[in-house]
Amino acid sequence: MIKVDRVVRTTCPYCGVGCQMDLHIVDNHIVKVAAPFGQPPNYGQLCVKGRFGTDYVSHPSRLRTPLIRKELGAPRQPATLDGFRSASWDEALDLVAQRLAAVKQAFGSDAIASSCSAKATNEDNYLFQKFVRAVLGTNNCDHCARLCHAGSVAGLQRALGSAAMSNSIAEMPHLHTFLVTGSNTAEAHPVISLFMKKAVANGAKLIVADPRGTEMTKFATIWLRHRPGSDVALFQAMANVIVTEKLYDRAFVAARTEGFRAYSLGLAPFTPEWAEKITGVPAYAIRRAARIYAQAPSAAIYWGMGISQSTHGTQNTLSLANLALLCGHLGKPGSGLNPLRGQNNVQGASDMGGLPNVFPAYARVDDPVARARYEAGWGGVQLAAEPGLTITEMVDGACNGAIQAFYIMGENPLMSDPHLAHARHCFANLPFLVQQDIFFNETSAYADVILPAVSFAEKDGTFTNSDRRVQRIRQAIDAPGQARPDWQIIADLARRTESALGRRQSAGWEYDHPSAIWHEMAALESASFGGIDYARLEREGGVHWPCPSADHPGTPYLFTERFPRGKGKFHLLAYEEAPEEPDPVYPFILSTGRVLYHWHGGTMTRRSMLDRIYPEATVEVHPADAEKLALQEGDYAWVRSRRGRIKVKVLVTGRSPQGTVFVPFHFAEAAANELTLEQVDPVAKIPGYKICAVQVERAA
Ligand code: SF4
């Protein structure tokens with residue numbers, strides 16, 4: 001029997017459930033992953049990614065030294081690793097600092113773009129945005145939250161004034177009634193799906209609204225299979241039923257909301273019969289779902305990227321918020337508005353100010369009081385008051401010359417951006433690109449300097465999961481080669497950039513441990529984080545923010561007394577079609593998403609043993625469509641849009657409705673985003689990944 005050197009408690013590096021896991025270490029390798037039974041949020045459960053997918057940290061292709069492109073500058077061709085040479089940390093960081101300083105001095109601060117990371121810790125992200133704002137002088141800081149839940153954030157901010165998941169995962173097994181929409185929960189958030197199934201086994205009623213048949217539809221009391229993109233029509237018709245049949249919570253509406261009168265009068269045309277024509281869902285089913293949701297003593301709504309990744313993502317979210325406000329299903333256990341966050345720390349990266357319009361804890365950069373607090377806290381610097389660019393705007397800026405340098409930590413936009421041919425063209429034209437990551441990926445091919453970072457298992461820090469629970473990660477193994485924790489790289493780079501700018505060296509970059517970074521952040525945002533420190537996380541395992549003081553228990557569910565904006569606001573919504581609908585040349589709707597065995601751009605899972613189970617991209621084709629196209633299971637097909645084409649293996653299945661095909665977005669050699677549209681939601685600026693028009697043809 002192998003003798004384990006040590007067992008280290010940490011947090012899963014994959015999805016936003018934030019499962020607690022014990023890494024069993026032998027000879028600096030993870031040999032086994034187990035889950036502690038008594039520990040929230042997963043109570044002993046792990047999915048296949050957490051249990052078997054962490055071996056990527058020992059993959060031989062890990063970056064070990066800083067790399068500098070042999071031929072610097074744009075325009076450039078994408079390079080393999082052979083196009084780079086190894087460099088010392090001093091050479092690489094001095095080069096980056098001098099180039100960033102030169103761009104700032106020649107073109108101004110806003111010619112620099114940056115992306116922090118939903119995979120990195122809270123401390124890494126706090127320090128990253130501090131460097132970008134306090135040293136580089138711009139608010140051009142964003143991350144992949146823009147690409148997954150920006151629609152949810154914008155909608156919830158407008159309706160309630162707060163965008164986080166309102167209720168906790170721990171409440172799920174005890175739900176009375178719940179609605180799941182736009183979420184393939186069993187594959188994207190598998191441990192949450194177990195708690196949902198437990199709720200159904202305990203007698204809960206489950207409404208699933210989804211064009212695609214998923215594991216959760218098998219457990220549904222009622223499945224509303226609406227047409228892709230018709231979410232607003234469906235949920236506004238449910239609201240029509242609730243108002244018409246007087247099923248709404250009058251006391252809650254009177255005390256806690258505003259705008260009800262105009263909203264309820266405006267709902268009159270949005271009948272279930274009107275919605276049936278748009279959604280394809282029978283009017284009687286819409287009425288039944290509305291009654292189930294409204295008549296429950298408490299009911300929760302959960303959604304994923306099927307709602308938010310839309311050119312109408314803000315509207316979709318508002319249509320769900322309207323339902324919760326109508327029925328008073330907020331501010332109590334088993335209720336709420338709950339966007340299921342994608343990556344391990346996408347909640348935390350947003351909480352830490354990794355967004356162009358806010359500091360940590362969502363303090364607005366254009367609020368003079370917040371700005372003054374950060375100017376004082378960060379050593380008397382002057383901070384920009386104008387919100388910065390979003391990630392898609394920054395990529396466009398690289399094309400038109402507005403952006404002269406881009407610093408990317410732990411993200412891979414050349415897999416995650418829509419319309420990849422356009423994104424590649426932009427990166428080829430960018431004068432200077434710095435990438436900080438654990439692997440060489442599709443974006444690294446365009447970099448000038450690559451900085452090797454460490455994985456979740458090689459550093460200390462905190463992640464914040466989807467239900468706002470701050471939890472520790474702990475170093476379990478040594479990092480490969482010269483790789484360094486992100487926070488150390490950023491602090492070193494900040495000192496060198498200050499020097500390159502001719503500034504007096506500030507004392508703001510001396511940290512001996514991530515706990516000191518957390519302490520600085522929590523002191524600036526004490527109303528949200530003042531009661532959380534590393535000692536408390538050691539004792540309690542995790543704490544839900546807001547937690548303003550050491551004697552505060554944390555906040556598993558929000559909005560008991562009031563909403564951050566005061567009263568919840570109703571929004572009457574217009575139904576609008578998707579920007580690209582099928583036509584005779586491109587007759588299918590393409591939808592994209594995840595499979596159980598892989599994660600996002602595949603950078604990690606495709607270097608784990610999971611890749612042996614699901615090694616290549618697939619396209620789901622309905623049996624009736626497959627027959628017309630003469631396709632059989634296992635054939636290969638070209639999927640083409642107006643922007644590109646990919647060759648993928650055919651799965652014949654009724655999971656997607658006739659006329660819709662589904663492609664997972666994890667596979668670089670058949671990247672779904674070669675096909676997707678770059679059009680964005682006008683408010684949230686999130687691209688509409690879920691709908692574009694494609695043709696499908698048997699490949700030779
Ligand atoms: Fe990790 Fe999410 Fe799976 Fe839990 S459910 S083990 S957090 S990927």
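Whatever order the structure lists them in is the order used to number ligands and atoms, beginning at 1.
Between the side chains of Asn202 and His174, no donor-acceptor pair of N or O atoms lies under 3.5 Å. Side-chain polar atoms of Thr618 and Tyr614 form a donor-acceptor pair below 3.5 angstrom.
The six-membered or imidazole ring of His598 lies away from that of Phe665, with a centre-to-centre distance of 6.0 Å or more.
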Report, one line per pair, each donor and acceptor closer than 3.5 Å where one atom sits in a side chain of residues 31-46; sequence neighbours left out.
unit_1	atom_1	unit_2	atom_2	d
Asn42	OD1	Gln20	N	2.8
Asn42	ND2	Gln20	O	3.0
Asn42	ND2	Gln45	O	2.8

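Every residue two or more places apart in sequence or in another chain that forms a salt bridge (charged side-chain N to carboxylate O under 4.0 Å, His left out) with Arg474 is listed here: Glu538. Partners of Arg607 under the salt bridge (charged side-chain N to carboxylate O under 4.0 Å, His left out) rule, at least two apart in sequence or in another chain, do not exist in this structure.
For atom 2 (Fe) of ligand 1, the nearby protein N/O/S atoms, meaning those under 2.8 Å, are Cys15 SG.
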